[in-house]
J.: 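Questions regarding the structure given below will be posed in turn.
What's counted below: heavy atoms across the whole structure, side chains too, no hydrogens, waters or symmetry copies. All residue numbers in this chain count up from 1 along the given sequence. What you see is a predicted model, and the numbers here were worked out from it, not measured in a lab.
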Amino acid sequence: MSTRQNILVFRELPADQLARLQAAHSVTVADPKTDRAAFDAALPLAQALIGSSFPIDAAVLERAPALKVISSVSVGVDNYALAELHRRGILLCHTPGVLDETVADTVFALLMATSRRVVELSNLVREGRWTRNIGEEFFGFDVHGKTLGLLGFGRIGQAIARRAALGFGMPVRYHTRRPVDLAVQAPALLGHAEHRTLDALLAESDFVVAMLPLSDSTRGLIDARLFSRMKPGAIFINGGRGATVDEAALLAALDSGQLRAAGLDVFAKEPLPGESPLRTHPRVTPLPHIGSATHETRYAMNRLAVDNLLAALAGQRPAAVYDTAAA
Ligand SMILES: NC(=O)c1ccc[n+]([C@@H]2O[C@H](COP(=O)([O-])OP(=O)(O)OC[C@H]3O[C@@H](n4cnc5c(N)ncnc54)[C@H](O)[C@@H]3O)[C@@H](O)[C@H]2O)c1
Ligand SMILES: O=C(O)[C@H](O)CO
């Protein structure tokens with residue numbers, strides 16, 4: 001690629017990271033959620049896009065004939081028309097690795113909040129309803145020593161597994177299409193994590209944590225059949241993507257008592273619609289998709305996304321390219 005390129009920034013970046021782009025290229029900032037007209041106007045000349053949380057689908061790509069590279073400020077790539085990017089030869093970069101520990105912390109916050117009923121009991125205090133010693137009806141469920149089942153045992157799944165096994169003494173079971181060679185890929189988990197078939201994992205686990213990407217193979221994967229295979233009284237946590245879960249089946253499993261509780265950072269539709277029963281269900285702890293939302297981690301993601309984009313525009317191999325051919 002030649003020297004100054006046209007970059008369209010479709011989500012706010014930290015000022016210093018935006019300045020890095022502006023120093024070398026022509027930059028237009030237009031958030032399609034608040035100024036769709038400006039975004040649409042900049043698309044035809046854009047050679048590069050950087051941002052997140054907006055679908056870059058085939059219709060958007062059709063209006064961006066000069067596009068050569070997209071740098072997503074996210075690890076998940078479900079907002080991008082992957083086959084179309086591959087067909088058009090557009091490079092897709094993302095931000096794996098820099099958010100693993102923070103997202104794992106968020107998932108653990110949900111694990112603790114659901115099992116120890118943190119939000120419910122904190123509200124009891126705040127609302128002046130703590131008038132006598134807490135009785136059995138408010139007791140929780142131990143986390144330490146319980147079995148954790150992971151659907152999704154990639155970068156973030158393994159960070160969750162380390163917390164569970166090494167911090168809380170929890171046996172970890174994971175389900176992937178093929179067992180992971182722990183000695184090579186996750187030596188800290190040797191002797192702590194074991195591969196299971198999906199049904200065996202569900203039958204054994206006190207906590208089932210989904211940390212899956214959204215793809216054709218995972219959309220709606222966690223359905224009524226899977227909930228019915230879980231241990232009665234299990235806790236379900238979703239930190240991956242909302243659409244991997246059949247939300248009606250999740251509600252039915254909560255209402256029948258099959259599930260003790262659910263902790264959800266992600267939903268099929270975000271922001272969660274006001275009428276969703278998941279918003280106010282007494283045994284659901286909902287979070288507004290905050291897995292990676294700390295100052296440090298969001299900054300690291302933005303910096304990596306800018307690094308990726310500048311490298312691609314300089315004709316170098318970016319640190320984190322997503323393989324659209326494999327999608
Ligand atoms: N809540 C948040 O804020 C937040 C933050 C970061 C990532 N995420 C989501 O988490 C996902 C995982 O991130 P990662 O960095 O750990 O990804 P990763 O690619 O390292 O791991 C993905 C794991 O999912 C497994 N997997 C994929 N398809 C599967 C299937 N059909 N059946 C069983 N296992 C399957 C893979 O084998 C792998 O173990 C992201 O794609 C993103 O959607 C959410
Ligand atoms: O995929 C990711 O990085 C998170 O969900 C933030 O969008």
Side-chain angles (χ1 to χ4, degrees), residues 104 106-121 123-124 134-153 157 160-161 163-165 167-176 192-212 218-268 272 276-287:
T106 306
V107 165
F108 245 85
L110 281 172
L111 225 105
M112 299 304 291
T114 47
S115 57
R116 300 301 306 275
R117 303 167 66 173
V118 170
V119 177
E120 176 191 353
L121 296 183
N123 283 340
L124 181 128
I134 287 301
E136 238 182 81
E137 71 275 26
F138 294 119
F139 287 180
F141 181 66
D142 276 340
V143 173
H144 63 270
K146 293 282 168 55
T147 299
L148 175 77
L150 273 163
L151 308 177
F153 193 61
I160 296 166
R163 279 159 179 72
F168 287 77
M170 301 172 81
V172 173
R173 309 292 179 240
Y174 69 93
H175 172 71
T176 47
H192 297 289
E194 292 175 12
H195 183 264
R196 288 286 185 276
T197 63
L198 186 52
D199 279 5
L201 177 146
L202 298 175
E204 266 182 67
S205 301
D206 300 296
F207 294 87
V208 175
V209 173
M211 204 61 235
L212 289 163
T218 61
R219 188 177 295 280
L221 178 76
I222 304 165
D223 61 5
R225 193 194 80 80
L226 264 64
F227 286 120
S228 75
R229 292 288 196 278
M230 290 181 196
K231 210 170 174 175
I235 291 182
F236 174 69
I237 308 289
N238 192 6
R241 283 292 183 265
T244 62
V245 175
D246 175 341
E247 290 182 342
L250 168 60
L251 279 161
L254 284 161
D255 290 337
S256 71
Q258 168 70 0
L259 286 183
R260 183 184 303 268
L264 309 170
D265 187 42
V266 288
F267 299 89
L272 185 62
S276 169
L278 292 172
R279 192 173 63 86
T280 51
H281 195 289
R283 284 181 290 116
V284 172
T285 303
L287 290 178

J.: Ignoring hydrogens, what is the shortest heavy-atom contact between Ile235 and Ser115? Give both atom names and the distance.
T.: CD1-CA, 3.7 Å
J.: Indicate yes or no: at least one non-hydrogen side-chain atom of Leu259 is less than 4.5 angstrom from one of Leu250.
T.: yes
J.: When rounded to the nearest 0.5 angstrom, what distance separates CZ in Arg116 from CZ in Phe138?
T.: 14.5 Å
J.: Step by step, work out the side chain to side chain contact (heavy atoms under 4.5 Å, CB included) result for Val208 and Leu226.
T.: CA-CA 11 Å; Val208 175; Leu226 264 64; over 6 Å; no
J.: Going by heavy atoms in the side chains, are Phe267 and Pro286 under 4.5 Å from each other?
T.: yes
J.: Side chains of His195 and Tyr174, heavy atoms from C-beta outward: is any pair under 4.5 Å?
T.: yes
J.: Is any side-chain heavy atom of Leu111 closer than 4.5 Å to a side-chain heavy atom of Phe168?
T.: no
J.: Once rounded to the nearest 0.5 Å, what's the spacing between atom CG of Asn238 and atom CG of Leu287?
T.: 11.5 Å
J.: Is any side-chain heavy atom of Phe236 closer than 4.5 Å to one of Leu264?
T.: yes
J.: Measure the acute angle between the ring planes of Phe141 and Phe207, then classify it against the limits of 30° and 60° as parallel, tilted or perpendicular.
T.: tilted
J.: List the steps and the verdict of side chain to side chain contact (heavy atoms under 4.5 Å, CB included) for Asp265 and Val107.
T.: CA-CA 8 Å; Asp265 187 42; Val107 165; over 6 Å; no
J.: Please report the closest heavy-atom contact between Gly239 and Val266, naming both atoms and the distance.
T.: C-CG2, 4.1 Å
J.: Please assess Arg196 against His175 for the test side chain to side chain contact (heavy atoms under 4.5 Å, CB included), listing each intermediate value before the final yes or no.
T.: CA-CA 5 Å; Arg196 288 286 185 276; His175 172 71; 5.7 Å; no
J.: Under a 4.5 Å cut-off applied to non-hydrogen side-chain atoms, are Asp199 and Arg225 in contact?
T.: yes
J.: Rounded at 0.5 Å granularity, tell me how far CG in Leu272 sits from CG in Leu278.
T.: 6.0 Å
J.: Determine yes or no for a side-chain-to-main-chain donor-acceptor pair under 3.5 angstrom, with Asp246 supplying the side chain and Gly220 the backbone.
T.: no
J.: Distance check, rounded to the nearest 0.5 Å: Arg117 atom CZ versus Arg260 atom CZ?
T.: 9.0 Å
J.: Would you give the length of the straight line joining atom CZ of Arg283 to atom CD of Glu120, rounded to the nearest 0.5 angstrom?
T.: 10.0 Å
J.: Could you check whether any side-chain heavy atom of Leu221 comes within less than 4.5 Å of a side-chain heavy atom of Leu151, counting everything from C-beta outward?
T.: no
J.: Do His192 and Val172 come close enough that some side-chain heavy atom pair is under 4.5 Å?
T.: no
J.: For the CE atom of Met170 and the NZ atom of Lys146, what is their distance to the nearest 0.5 Å?
T.: 8.5 Å
